[in-house]
Protein chains: 2
Amino acid sequence: MKQTQKDRFVDAWGQMGSLWGLNTSMARVHALLIVSEDPLSLDAIAHRLQISRGNASMCLKELRNWGVVRRVKVRGDRRDYYLTEPEVWKMFFAIARERKRRELDPVLAALRELLGTLPQGASGQAVKRLKEMKDLLATLDAVASQVLAQEENARSALAFLAGGATRKKT
Amino acid sequence: MKQTQKDRFVDAWGQMGSLWGLNTSMARVHALLIVSEDPLSLDAIAHRLQISRGNASMCLKELRNWGVVRRVKVRGDRRDYYLTEPEVWKMFFAIARERKRRELDPVLAALRELLGTLPQGASGQAVKRLKEMKDLLATLDAVASQVLAQEENARSALAFLAGGATRKKT
DNA sequence: TTTAATATTCAGTATATTTTGAACTTACCA
DNA sequence: TGGTAAGTTCAAAATATACTGAATATTAAA
């Protein structure tokens, strides 16, 4: 893979990062690690992406929190090196898990709390909708929990549901 | 439902907007329509949420693009009135459909395009990962298409997968 | 067609997020 | 222990995003 192609991927992934819940720099760092054959040092990353060392440091920390990047040591080198999780499905589930935790869980908790404060016999269209919405989110939450607890099964199930789409050559 | 409780819901929903991919104002407008028994005018919305009419207008336009808000006419009144889609599951699928279109589809298209530019025999860990990622996204895309094409079936399937979680009282 | 009420647009402003870089911390080695 | 290479933090600056409100457009009644 040539240099310019890697760069194109890094920038494309960077722009798409926001859609996955990462900011541009985080996504570019992630992309660079995805297309790199070998682990990279913080310095190499900062230099290659033309971002500050401080920014690179924070992006790597956050990517490790998301569980999609690992820090490794190289013999005879004091620097830290970074690698992306090599299994794309593991990466996908790591991101899904984190987004559920950050986005779905708090919404559901807030809805339950809000419903808990209503008087017993509260009625009306608005209350009905709130309850339905809570049930919907609870369903999604339960499904997500099961899927995330059984990654391998979930992966097969998705491939099955897709109807062999993964076999096609694009 | 009392006034202050509605307000609390509106603000809570506003903060949660990011879950759905809406900004705070859009989410608050949406929330206000969710808890309102009757259709509201643009003026009423702007006044109630303390936002400008211009902002309210843009939020409503966008919410209509997402397919979660409808504009209705009231006899003998020149103003437009707005309603939220009353079925929460329809609302959920409308949002899911829109997010797939905005987020998943472009990423997949870009990945395919990038892979298409690689020389025939391109190899290496990086290329392998890109192909795996394309396959993963293609699988998700196929599953999403099928789910969105059959809302009712999908709804039952989700409830089944959740293992009756929706019956529990919170 | 004119007028007035309502709705939309968009340039400028306000707010929020991201990035920088210098100060600080840590870890290693002589 | 001091020196140094690497890593982290955070206040300030840069950038991106959202909001306002006046100008403009649209609509419907007169």
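Here the structure is a predicted model, which is why all the values come from computation and not from measurement. Letters A, B, ... mirror the listed sequences (proteins, then strands); counts begin at 1.
Chain B approaches DNA chain D over the interval D/dA18 to D/dA28, counting the first and last nucleotide 5' to 3' with an atom under 4.0 Å from its heavy atoms.
Listed for the B/Glu87 side chain is no donor-acceptor partner under 3.5 Å among the backbone atoms of B/Trp89.
With sequence neighbours excluded, the residues satisfying side-chain hydrogen bond (donor to acceptor under 3.5 Å, both in side chains) with A/Glu103 are A/Arg99. Every side-chain hydrogen bond (donor to acceptor under 3.5 Å, both in side chains) that B/Arg97 has, sequence neighbours left out, goes to B/Glu151. Taking the ring-ring contact (aromatic ring centres under 6.0 Å, His included) definition, one finds that A/Tyr81 meets it with nothing, sequence neighbours left out. Residues meeting the salt bridge (charged side-chain N to carboxylate O under 4.0 Å, His left out) test with A/Asp141, sequence neighbours left out: A/Lys100. Partners of B/Arg53 under the salt bridge (charged side-chain N to carboxylate O under 4.0 Å, His left out) rule, at least two apart in sequence or in another chain, are B/Asp43. Every residue meeting the salt bridge (charged side-chain N to carboxylate O under 4.0 Å, His left out) condition with B/Arg101, not counting sequence neighbours, appears here in chain and number order: B/Glu98.
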Under 3.5 Å, side-chain donor or acceptor atoms of residues 54-62 of chain A against the rest of the protein: list the pairs with distances, not counting sequence neighbours.
unit_1, atom_1, unit_2, atom_2, d
A/Asn55, ND2, A/Ser25, OG, 3.3
A/Glu62, OE1, A/Asn65, ND2, 3.4
A/Glu62, OE2, A/Arg102, NH2, 3.1

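To the nearest angstrom, C1' of C/dT20 lies 18 Å from CE of A/Met26. In this entry the distance linking CZ of A/Arg71 with P of C/dA27 reads 10 Å, nearest Å. Summarising the geometry, the separation between CD1 on B/Ile45 and P on C/dT6 is reported as 15 Å, rounded to the nearest angstrom.
Annotation: proximity of residues 72-83 of chain A to DNA chain D (heavy atom, distance under 4.0 Å) is found for A/Arg78, A/Arg79, A/Asp80, numbered in ascending order.
The salt bridge (charged side-chain N to carboxylate O under 4.0 Å, His left out) contacts involving residues 113-124 of chain A comprise A/Glu113-B/Arg8, where partners must be two or more places apart or lie in separate chains. Screening residues 19-40 of chain B for salt bridge (charged side-chain N to carboxylate O under 4.0 Å, His left out) gives B/Asp11-B/Arg28 as the qualifying pairs, with residues at least two apart or on separate chains.
Residue A/Gln50 is classed as a sugar-phosphate contact, given heavy-atom separations below 4.0 Å to backbone atoms only.
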Anything under 3.5 Å between a protein N or O and an N or O of nucleotides 9-18 of chain C, put it in a table, one pair a line.
unit_1, atom_1, unit_2, atom_2, d
C/dT9, OP2, B/Lys61, NZ, 3.1

